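Both ligands and their constituent atoms are indexed starting at 1 by order of listing. Predicted, not measured: the structure shown is a model, and the values here were computed from it.
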Amino acid sequence: MGKYKVVETFVSINGEATHAGELACFIRFAGCNLACGYCDTKWANEPQVPYKSMSAEEIYAYIKSCGVKNVTLTGGEPLIQPEIEWLITLLSADKALRVEIETNGSVDIAGYDARPENVCMTLDYKLPDSGMEQFMRTENYAWLKPQDAVKFVVSSTRDLETAKKIIETYDLCAKATVYLSSAFSAITPAQIVEYMIQENMKDVRLQLQMHKYIWDPEKKGV
Ligand SMILES: C[S@@+](CC[C@H](N)C(=O)[O-])C[C@H]1O[C@@H](n2cnc3c(N)ncnc32)[C@H](O)[C@@H]1O
Ligand SMILES: Nc1nc2[nH]cc(C(=O)O)c2c(=O)[nH]1
Ligand code: SF4
Ligand SMILES: [Mg+2]
């Protein structure tokens, strides 16, 4: 089996989505197929980024050594890592783990349809201000499971309007948990809430990146 390019591993609280505030072990992979304007981990996508080569078994052993339940696979883009299916299968077999995959919405997730309940996807929809909307695969919404989330990282009113349209067109709130997050410092959380009230978005949740309020927003490894 191959090795994975891992740029950092750490334990922190998960700052985002459904298990925000709970301890989680993070595995961040190198490289991404997109280049979002707001990306807070551009460093992990640099071609020359230093990485550690780890096998699936080594990653699993690290996760178990952390002693936590939640594992977040992120990046970079985790789902473009060669043989990532194998790692996901290995981790999902351990029912003491809850595996969350942060994915950018451009990669086909159909092949993960047989995943068990302890594997959830947090699927981004990249909005116009990210510059990456053209790469979004709305076909992915056919493969959402109840434990999954669809996340919209918002930078502007135009982004909010697009998010609302996509949520309604694909009936996303019926399929998964839907989050609106502010692209850090691009739009205030208050502006998002005002829009949610104005549009009566009653099944959508605001999410803040908790770790950026606890630590310096530029700090790695938290
Ligand atoms: C760094 S990405 C890595 C995983 C995957 N490439 C993706 O985009 O989902 C992890 C999460 O951080 C979010 N993110 C990145 N930069 C952000 C920023 N400046 N403000 C808020 N969220 C951000 C992404 O939208 C994504 O949901
Ligand atoms: N604390 C913390 N929580 C996170 N949840 C998702 C993250 C990510 O970068 O994907 C992240 C992160 O970078 N830090
Ligand atoms: S898809 Fe994720 S890692 Fe890639 S550039 Fe966008 S936010 Fe960054
Ligand atoms: Mg992050």
Side-chain angles (χ1 to χ4, degrees), residues 5-47 49 51 66 68 70-81 84 88 98-109 120-137 140 148-156 159-160 162-163 166 176-189 191-192 205-222:
K5 293 182 179 179
V6 176
V7 294
E8 64 173 359
T9 56
F10 58 93
V11 174
S12 185
I13 47 115
N14 192 342
E16 303 176 19
T18 310
H19 292 265
E22 293 181 19
L23 287 177
C25 170
F26 290 83
I27 312 291
R28 191 181 304 283
F29 298 97
C32 188
N33 58 323
L34 301 185
C36 304
Y38 56 67
C39 180
D40 60 10
T41 48
K42 288 192 172 98
W43 60 270
N45 305 337
E46 297 291 339
V49 66
Y51 63 85
C66 296
V68 298
N70 298 308
V71 180
T72 299
L73 305 183
T74 187
E77 174 50 45
L79 295 187
I80 62 165
Q81 307 300 315
I84 194 70
I88 294 169
R98 191 189 150 275
V99 182
E100 182 168 341
I101 302 163
E102 294 269 345
T103 184
N104 64 25
S106 74
V107 184
D108 187 359
I109 64 164
C120 86
M121 300 268 179
T122 298
L123 186 69
D124 268 31
Y125 181 91
K126 302 297 182 187
L127 290 162
D129 284 20
S130 72
M132 297 293 124
E133 191 182 19
Q134 60 189 299
F135 300 109
M136 292 301 97
R137 281 185 66 90
N140 273 341
D148 293 343
V150 180
K151 180 159 77 168
F152 296 83
V153 174
V154 176
S155 304
S156 64
D159 277 358
L160 280 168
T162 306
I166 297 292
T177 305
V178 176
Y179 292 102
L180 295 180
S181 175
S182 56
F184 197 73
S185 78
I187 186 171
T188 65
Q191 285 171 284
I192 297 181
R205 292 191 202 173
L206 174 73
Q207 81 123 55
L208 302 179
Q209 289 183 296
M210 242 188 231
H211 49 295
K212 294 199 185 162
Y213 294 85
I214 302 175
W215 295 282
D216 179 335
E218 303 294 325
K219 192 171 161 62
K220 290 182 189 172
V222 292

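Regarding atom 1 (C) of ligand 1, its nearest protein heavy-atom neighbour is Thr41 OG1, 3.0 Å. The protein heavy-atom contact nearest to atom 23 (C) of ligand 1 is Gln209 NE2, 3.6 Å. Remark: minimum distance from atom 15 (C) of ligand 1 to any protein heavy atom is reached at Asp40 OD1, 3.3 Å. In terms of protein heavy atoms, atom 19 (N) of ligand 1 is closest to Tyr38 O, 2.9 Å. In terms of protein heavy atoms, atom 12 (O) of ligand 1 is closest to Glu16 OE1, 4.0 Å.
Heavy-atom proximity to atom 13 (C) of ligand 1, evaluated over Arg28, Glu102, Lys151, is greatest for Lys151.
At a heavy-atom cutoff of 4.0 Å, ligand 3 is surrounded by Cys32, Leu34, Ala35, Cys36, Cys39, Asn45, Gly76, Asn104, Lys126. Closer than 4.0 angstrom to ligand 2 lie heavy atoms from Ser12, Ile13, Asn14, Gly15, Glu16, Phe26, Arg28, Thr74, Glu102, His211, Val222.
Ring centroid separation for the pair Tyr179 and Tyr125 does not come in under the 6.0 Å cut-off.
The closest approach between Gly76 and ligand 1 falls below 4.0 Å for a heavy atom of the residue. Residue-ligand proximity: Ser185 is placed with every non-hydrogen atom at 4.0 Å or more from ligand 1.
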Applying salt bridge (charged side-chain N to carboxylate O under 4.0 Å, His left out) to Lys151 and Glu16, what does each step give before you reach the verdict? CA-CA 10 Å; Lys151 180 159 77 168; Glu16 303 176 19; 2.5 Å; yes
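Within the 4.0 Å heavy-atom criterion, neither part of Leu34 lies near ligand 1.
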